[in-house]
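Computed from heavy atoms alone, side chains included, the values below leave out hydrogens, waters and symmetry copies. Chain A is the first sequence line, chain B the second, and so forth, proteins listed ahead of strands; every chain is numbered from 1.
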Protein chains: 2
Amino acid sequence: MTANHDRQLLSVLLVGVFAFVGSGSYAADPLPSWNDTATKAAIIDFVERVTREGSAGFVPPAERIATFDNDGTLWSEQPMYFQLAFAFDRVKAMAPQHPEWKDQQPFKGVLESDTKAVLAGGKKSLLEIVAATHSGMTSEDFERIVADWISTAKHPQTGRLYKDMVYQPMLELLAYLRANGFKTFIVSGGGIEFMRPWTEATYGIPPEQVVGSSVKTRFELRDGKPVIVRLPEIDFIDDKEGKPVGINSHVGRRPIFAAGNSDGDWQMLQYATIGRSPSFALIVHHTDDQREWAYDRDSHIGQLDQALDDATRQGWTVVDMKQDWKRIYPAQ
Amino acid sequence: MTANHDRQLLSVLLVGVFAFVGSGSYAADPLPSWNDTATKAAIIDFVERVTREGSAGFVPPAERIATFDNDGTLWSEQPMYFQLAFAFDRVKAMAPQHPEWKDQQPFKGVLESDTKAVLAGGKKSLLEIVAATHSGMTSEDFERIVADWISTAKHPQTGRLYKDMVYQPMLELLAYLRANGFKTFIVSGGGIEFMRPWTEATYGIPPEQVVGSSVKTRFELRDGKPVIVRLPEIDFIDDKEGKPVGINSHVGRRPIFAAGNSDGDWQMLQYATIGRSPSFALIVHHTDDQREWAYDRDSHIGQLDQALDDATRQGWTVVDMKQDWKRIYPAQ
């Protein structure tokens, strides 16, 4: 055995010891930011059941697929989806190159911070803004733009960086599932290339495990350099019925665990759970108007209505943020 | 420390020892079915360079993305793509439910094993056959149909199961890359849902790391059961310029290693290598008319022309199957 082999063996053993220590501390309390309520107990019970070898509920690691919505499930989404705040910031940054925007809605409204005027144009206006700010550049350039924004942009009400408005209890849940052999995916109505630049650092979820809405793209050699160009045309909307379609396309297996917070996640939760056991669906219910926002059935953003009704019928677990979560955001 | 913890520690240590033994035997010869030619040396040199910590060529594990074409790169593709043989077999199996097919091209040609008549209809005929055999069912049903076929269907000339016509040297290359921290993906013009049912057992590549062509799908509750229905409409063609687009969509990172065998892979090889170092492109050149098939520039299937010219310019590594491979298929 060479010295090199000795070193290899040593490092393998050390990794083993750290894994052991890690697993020991998880066993103590894998979800420290969750209060000791029925919700937490249900999650732990499910995870222990599917990982107990030889039990009827055992699920092999390869099939432990967990899918998470992003907006309102992993981070906040009020008073507007954070990606829309990004788009508005882009309009402002790009305005010097577009003098015509100052007289032209919906851009005029964005530049004058008149959100009401912007939203008056409905879906068409939003698509115009998305086309202007999310296409025309290469994927690499867009990645840089998003990475710059996410590392600096702050929420107007909390003063926190948007990326620090992720839910600490959900970060623990993601880590807990991965420590138990789950592969965690994001399945969001948000843009796939808007999320990928920061999901690995923020959630521990690598780009190839992010599913989202997308624009059409084209490959070309530009000045001899291979690039992917983002086109001003929607390719796929990863919302409602689109979520199971996106999962089938990107993952190719039905999840056994799915988490969402709105009617946009309803079909994903059905897909993960109906007719299969064991399986688990989690709905994050926004009930805390002190520490976050409280909204559900009549909300314009994150409407939770049909999925909430179905939760009772299907036996889905509903997180009451106010009751179930010890804290909302990570310590700073 | 409890007895349970002792057992956990023991199992971690045992896993460590096996990992060590495994890595030791790779170090002896990671590619035993490759002859000791410049091709094999180039592969090993590249892998050692990107994994050597502290060296200029070091690439962090998360960025070690390797993409492989399937037809002609991981398994044979003559005298017709194996997926087309599957489609023809499906036409025969479905014929009793379609009495009209016996008088109607291209189905008549398939039923009479008159491939020439089938191909006379060109692309339109092939799309008709694909629509009839690859859509209308749920994804789950299609998975079962493919799984049944792949476990029984044999190649008419070799008498081998199609799934045993994979290239032993490429299986070793996939395993060698993974042992060195690479994540391996298939990026094929073939159907994504045609490959996923068997790529994990055959190549060690799980469904979520398979990218391919696809039909449109729809989510629905059918008799209360959630299903994905395959529609008779092409959604995405994962070939030529489509391959970098498919990689960007499914992986979200540029590969640093790509392998193909035809002009359909040209853009993927460009995408992986041009303007970036270190990177590696491999072209499997079919030169062995004794043990496999010999074809390149004028072939109707797997035409290798522009990509072969570009290989010299770009410094891509060309596998000469006859010279570089000790064996073609796995021992039976």
Engineer: Under 4.5 Å heavy-atom distance to chain A, tell me which part of B:Ser214 shows up: side chain, backbone, both or neither.
Structural biologist: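 No part of it gets close to chain A.
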
Engineer: Is the B:Phe142 to B:Phe194 ring centre distance short of 6.0 Å?
Structural biologist: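 No, the ring of B:Phe142 stays outside the 6.0 Å limit from the ring of B:Phe194, centre to centre.
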
Engineer: Between B:Arg230 and B:Asp141, does the salt bridge (charged side-chain N to carboxylate O under 4.0 Å, His left out) criterion hold? Intermediate values first, please.
Structural biologist: CA-CA 10 Å; B:Arg230 292 172 56 85; B:Asp141 288 341; over 6 Å; no

Engineer: For B:Thr273, is it the side chain, the backbone, both or neither that has a heavy atom under 4.5 Å from a heavy atom of chain A?
Structural biologist: neither

Engineer: So, for A:Ile65 and A:Arg254, which heavy atoms are closest and what is the spacing to 0.1 Å?
Structural biologist: CB-O, 4.3 Å

Engineer: Of all of B:Ser249, B:Gly212, B:Ser139, B:Gly224, which one pairs up most often with chain A through heavy atoms under 4.5 Å apart?
Structural biologist: B:Ser249

Engineer: Would you mind checking which part of B:Ile228 comes under 4.5 Å of any heavy atom in chain A, side chain (CB onward), backbone (N, CA, C, O), both or neither?
Structural biologist: side chain

Engineer: Side chain, backbone, both or neither: which part of B:Arg218 has a non-hydrogen atom closer than 4.5 Å to chain A?
Structural biologist: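 Only the backbone of B:Arg218 comes within 4.5 Å of chain A.
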
Engineer: Can you say whether B:Lys183 sits under 4.5 Å from chain A via the side chain, the backbone, both, or neither, judging by heavy atoms?
Structural biologist: side chain

Engineer: Based on non-hydrogen pairs under 4.5 Å, which of A:Lys225, A:Glu220, A:Gln270 is most in contact with chain B?
Structural biologist: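 Going by pairs under 4.5 Å, I would pick A:Gln270.
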
Engineer: The criterion is ring pair (Phe, Tyr, Trp, His ring centres under 6.0 Å); which residues satisfy it with A:Tyr203, sequence neighbours excluded?
Structural biologist: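 So A:Tyr203 forms a ring pair (Phe, Tyr, Trp, His ring centres under 6.0 Å) with A:Trp198.
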
Engineer: At a 4.5 Å cut-off on heavy atoms, which part of B:Phe236 comes close to chain A: side chain, backbone, both, or neither?
Structural biologist: neither

Engineer: Need one label for B:Glu143: side chain, backbone, both or neither, based on atoms under 4.5 Å from any heavy atom in chain A.
Structural biologist: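 No part of it gets close to chain A.
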
Engineer: Where on A:Glu140 is there a heavy atom nearer than 4.5 Å to chain B: the side chain, the backbone, both, or neither?
Structural biologist: side chain

Engineer: When heavy-atom pairs shorter than 4.5 Å are enumerated against chain A, which of B:Glu241, B:His250, B:Gln267 gives the highest number?
Structural biologist: B:His250

Engineer: Using a 3.5 Å distance criterion without hydrogens, assess whether the side chain of B:Arg178 forms a donor-acceptor pair with backbone atoms of B:Thr184.
Structural biologist: no

Engineer: Say whether, by atom type as modelled, one donor and one acceptor occur between the side chain of B:Lys163 and the main chain of B:Thr202 under 3.5 angstrom.
Structural biologist: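 Absent.
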
Engineer: Any donor and acceptor pair, going by atom type alone, linking the side chain of B:Ser213 with main-chain N or O of B:Asp238 inside 3.5 Å?
Structural biologist: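 Flag set: sc B:Ser213 to bb B:Asp238 pair under 3.5 Å.
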
Engineer: Locate the shortest heavy-atom distance separating B:Met268 from B:Asp69; write the atom from each residue and the value.
Structural biologist: CE-N, 3.9 Å

